[in-house]
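Notes follow the structure.
Counting starts at 1 for both ligands and their atoms, following the listed order.
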Amino acid sequence: MKVLLTGGTGYIGSHTAIELIKLGYDVEIMDNLYNSKITVLDSIKKITGVKPKFYQVDLLDKEGMDKMFAVGNYDLVIHFAGLKAVGESVKKPLKYYENNVGGTINLLDCMKKYSVKKIIFSSSATVYGDQGVAELTEEMQTGVGITNPYGETKHVIEEILKDVAEADEKFEVAILRYFNPVGSHPSGLIGEDPNDIPNNLMPIIMKVYTGEIEKLKVYGNDYNTIDGTGVRDYIHVVDLAKGHVAVIQKMKPGVLFYNLGTGKGTSVLEMISAFEKASGRKLPYEIAGRRAGDLAEMYASPKKAEKELGWKTELTVEDAMNDTINYLNYLKEK
Ligand code: NAD
Ligand code: UFG
């Protein structure tokens with residue numbers, strides 16, 4: 001099966017490429033390298049023995065996309081490409097709608113033109129908004145109370161995909177709602193290496209460790225949670241990558257939805273202490289005020305994915321921390 005990964009040099013795409021190549025899938029990657037580096041392809045080769053064919057194309061470049069699809073003969077697209085910085089999306093909403101929504105429409109146009117009928121989409125737990133309960137299940141209503149344009153783009157794209165599947169009875173869609181991906185490949189050769197300033201917990205912890213950021217600000221310690229700090233469902237990126245492989249086998253005409261998470265919540269202070277244990281060093285932090293738009297606690301119900309896909313997470317936050325340290329050491333030596 002020939003698979004195109006949009007955004008495939010990025011954090012989650014590159015880990016998924018490895019799992020697919022290991023199982024014999026024919027993988028090609030397109031990315032505009034806005035938030036990833038071309039050297040990721042060499043790391044994929046070191047790990048798998050295969051260097052995927054790469055197109056440096058922007059989703060918004062209709063001509064470039066068309067040229068790629070004209071020769072691609074793809075059976076499936078896994079659509080990772082998108083901008084994901086929540087804070088930036090609040091300041092530059094049009095950039096986010098144009099890139100994420102506009103880019104997806106161009107992609108779907110090409111898929112239609114070249115009769116590619118299967119797509120897996122990287123959605124996010126953010127589409128659930130604030131449900132008033134911590135454990136999130138797939139049948140909950142989505143699209144209400146989303147607090148930023150980034151999250152809105154995920155919801156809008158989900159709706160577009162549903163409409164496209166409605167209009168074409170042969171179209172197969174799988175929408176994967178990721179919880180909080182962390183960690184890196186155990187080889188230490190790839191991981192999260194954003195070009196932009198991170199605003200997620202784990203990349204900030206990494207930059208505090210390397211000294212690029214002085215200390216971590218813990219956004220609030222007065223939530224109604226185990227220790228007052230925010231609780232999230234941190235999923236090891238290799239488990240997340242394997243979730244994509246599991247869903248490929250189950251795709252059929254229509255739309256599938258799955259949460260990809262562990263089902264377990266971890267607080268910010270627990271994350272700090274797990275990182276300190278793995279690194280053997282204290283991580284400087286201070287308690288700051290709550291961050292606007294943050295929820296106290298959320299985690300996935302992973303039951304549907306387990307029952308229908310036979311997939312569940314195998315790795316822990318501790319594994320993620322050890323793999324992250326490995327990766328940081330690799331980046332230091334590089
Ligand atoms: P990433 O930034 O590492 O990877 C995304 C890739 O898409 C980057 O390599 C970037 O250069 C590329 N890209 C962006 N716009 C593009 C365009 N117009 N044309 C071509 N390439 C483009 O991010 P990631 O963490 O690997 O996330 C992958 C997907 O998963 C994204 O859609 C993201 O919104 C979604 N997601 C991520 C998280 C998370 O916390 N990492 C959580 C939920 C959902
Ligand atoms: N946090 C801090 N300090 C920081 C950064 C984060 O204390 O410097 C806390 C947050 O307050 C939150 C937790 O760490 O309690 C996780 O925050 P992230 O920004 O890493 O992740 P979020 O859960 O806020 O959001 C992320 C993505 C969303 C996605 C969601 C899925 O940014 O796009 O995961 O659950 F939708």
Side-chain angles (χ1 to χ4, degrees), residues 5-16 29-38 40 55-61 64-65 78-87 89 95-96 98-100 102-104 106-107 121-129 136 146-148 150-151 153-154 157 176-182 191-196 198-205 207-208 213 215-221 223 225 229-235 237 240-241 259-261 265-269 271-272 285-300:
L5 309 190
T6 75
T9 41
Y11 174 46
I12 302 168
S14 57
H15 286 83
T16 306
I29 288 178
M30 68 78 73
D31 202 296
N32 64 359
L33 300 178
Y34 178 84
N35 198 35
S36 56
K37 299 185 177 71
I38 187 108
V40 165
Y55 294 90
Q56 184 170 351
V57 188
D58 194 300
L59 287 173
L60 297 173
D61 169 8
M65 292 282 288
I78 310 187
H79 183 29
F80 298 100
L83 300 173
K84 63 165 186 175
V86 171
S89 80
K95 178 174 169 182
Y96 274 68
E98 183 182 35
N99 191 77
N100 293 5
T104 302
N106 286 348
L107 174 68
F121 173 58
S122 299
S123 191
S124 163
T126 196
V127 299
Y128 291 113
L136 301 172
I146 297 174
T147 51
N148 57 77
Y150 162 75
T153 69
K154 292 292 169 192
I157 295 168
L176 303 182
R177 295 178 181 146
Y178 306 160
F179 282 66
N180 295 54
V182 289
E192 187 162 22
D193 188 14
N195 288 338
D196 57 2
N199 51 16
N200 293 121
L201 180 63
M202 204 53 216
I204 293 176
I205 289 181
K207 288 207 185 291
V208 173
I213 294 177
K215 53 171 98 144
L216 170 71
K217 288 191 174 116
V218 175
Y219 292 138
N221 67 347
Y223 286 108
T225 59
T229 64
V231 168
R232 295 290 182 275
D233 185 337
Y234 295 96
I235 173 171
V237 66
L240 183 67
N259 285 341
L260 295 185
T266 305
S267 74
V268 177
L269 292 182
M271 289 295 280
I272 294 173
Y285 71 87
E286 65 185 9
I287 306 294
R290 290 183 180 192
R291 184 171 67 176
D294 267 355
L295 298 177
E297 179 163 6
M298 61 199 275
Y299 53 86

Does some non-hydrogen atom of R177 fall short of 4.0 Å from ligand 1? no
So if I count the atoms of ligand 2 from 1 in the order they appear, which ones are less than 4.0 Å from some heavy atom of V86? 32 (O), 33 (O)
Ligand 2 atoms nearer than 4.0 angstrom to some heavy atom of V268 are 7 (O), 9 (C), 14 (O), 15 (O)
If we number the atoms of ligand 2 from 1 as shown, the ones under 4.0 Å from a heavy atom of R291 are 5 (C), 6 (C), 10 (C), 17 (O), 18 (P), 19 (O), 24 (O)
Under 4.0 Å, heavy atoms only, figure out whether ligand 2 is touched by the backbone of T229, its side chain, both or neither. neither
Heavy-atom side-chain proximity of L83 to N35 below 4.5 angstrom: no
Check each heavy atom of L201 against ligand 2 and say whether those closer than 4.0 Å belong to the side chain, the backbone, both or neither. both
Polar contact flag for Y178 and ligand 2 (N/O pairs, less than 3.5 Å): no
Check H79 against ligand 1 and report side chain, backbone, both or neither, counting heavy atoms closer than 4.0 Å. neither
Relative to each other, are the rings of Y178 and F80 parallel, tilted or perpendicular (30° and 60° limits)? tilted
What is the nearest protein non-hydrogen atom to atom 1 (N) of ligand 2, stated with its residue, atom name and distance? Y219 CD1, 3.7 Å
Tell me which protein heavy atom sits closest to atom 5 (C) of ligand 1, plus the residue, atom name and distance to 0.1 Å. G82 O, 3.9 Å
Look at atom 44 (C) of ligand 1 and find which of G13, A85, S123, A81 reaches it with the closest heavy atom. S123
Checking a contact table here: which protein heavy atom is nearest atom 36 (F) of ligand 2, and how many Å away? S124 OG, 2.3 Å
Less than 4.0 Å is my threshold; does some heavy atom of Y234 fall inside it relative to ligand 2? yes
For Y34, counting its heavy atoms only, list the atoms of ligand 1 lying under 4.0 Å from any of them. 11 (O)
Heavy atom of the protein closest to atom 2 (O) of ligand 1 (residue, atom name, distance): N35 ND2, 2.7 Å
For V218, the ligand 2 atoms with a heavy-atom partner under 4.0 Å come out as 7 (O)
Tell me the contacting part of D294 for ligand 2: side chain, backbone, both, or neither, using a 4.0 Å heavy-atom threshold, strictly below. side chain
Please list the nearest protein heavy atom to atom 35 (O) of ligand 2 with its residue and the distance rounded to 0.1 Å. N180 OD1, 2.9 Å
Candidate with minimal heavy-atom separation from atom 15 (O) of ligand 2, of G230, P181, A125: G230
Answer yes or no: does an N/O atom from Y150 fall short of 3.5 Å to an N/O atom of ligand 1? yes
Numbering as shown, the atoms of ligand 2 that approach I204 to under 4.0 Å (heavy-atom distance): 8 (O)
If we number the atoms of ligand 1 from 1 as shown, the ones under 4.0 Å from a heavy atom of S122 are 29 (C), 30 (O), 32 (O), 35 (C)
Is the contact between K217 and ligand 2 made by the side chain, the backbone, both, or neither, using heavy atoms and a 4.0 Å cut-off? backbone
To atom 43 (C) of ligand 1, the nearest of S124, S36, G64, S14 on a heavy-atom basis is S124
How far is atom 29 (C) of ligand 1 from its nearest protein heavy atom, and which residue and atom name does that atom have? F80 O, 3.1 Å
Considering only non-hydrogen protein atoms, determine which one is nearest to atom 40 (O) of ligand 1 and report residue, atom name and distance to 0.1 Å. P181 CD, 3.3 Å
For G7, the ligand 1 atoms whose distance to one of its heavy atoms is below 4.0 Å: 6 (C), 7 (O)
At the 4.0 Å heavy-atom cut-off, does K84 count as touching ligand 2? no
Contact atoms of ligand 2, heavy-atom distance to Y150 under 4.0 Å: 33 (O)
Could you name the option among N99, N32, L107, N200 that has the heavy atom nearest to atom 20 (C) of ligand 1? N32
Considering distance alone, does some N or O of I12 sit under 3.5 Å from an N or O of ligand 1? yes
Touching ligand 1 at all, D31? Heavy atoms, strictly under 4.0 Å? yes
Numbered atoms and elements of ligand 1 in range of G10, under 4.0 angstrom, heavy atoms: 3 (O), 4 (O), 9 (O), 26 (O)
Does I204 reach the side chain of L216, with side-chain heavy atoms less than 4.5 Å apart? yes
Any idea which part of T6 is under 4.0 Å from ligand 1, heavy-atom wise: side chain, backbone, both or neither? neither
What is the nearest protein non-hydrogen atom to atom 19 (N) of ligand 1, stated with its residue, atom name and distance? L59 N, 2.9 Å
Show which atoms of ligand 2 fall inside a sub-4.0 Å distance from at least one heavy-atom site of N199. 5 (C), 19 (O)
When you measure from the heavy atoms of G103 to every atom of ligand 1, does any distance fall below 4.0 Å? no
Atoms of ligand 1 under 4.0 Å from any heavy atom of L33, numbered from 1 in the order shown, are 11 (O)
Part of T126 within contact of ligand 2 (heavy atoms, under 4.0 Å): both
for atom 25 (O) of ligand 1, nearest protein heavy atom and its distance come out as K84 NZ, 2.8 Å
D31, I29, L107, V57 screened by side chain to side chain contact (heavy atoms under 4.5 Å, CB included) with T6, the one that passes: L107
I'd like to know if V57 contacts ligand 1, where contact means a heavy-atom distance under 4.0 Å to any ligand atom. yes
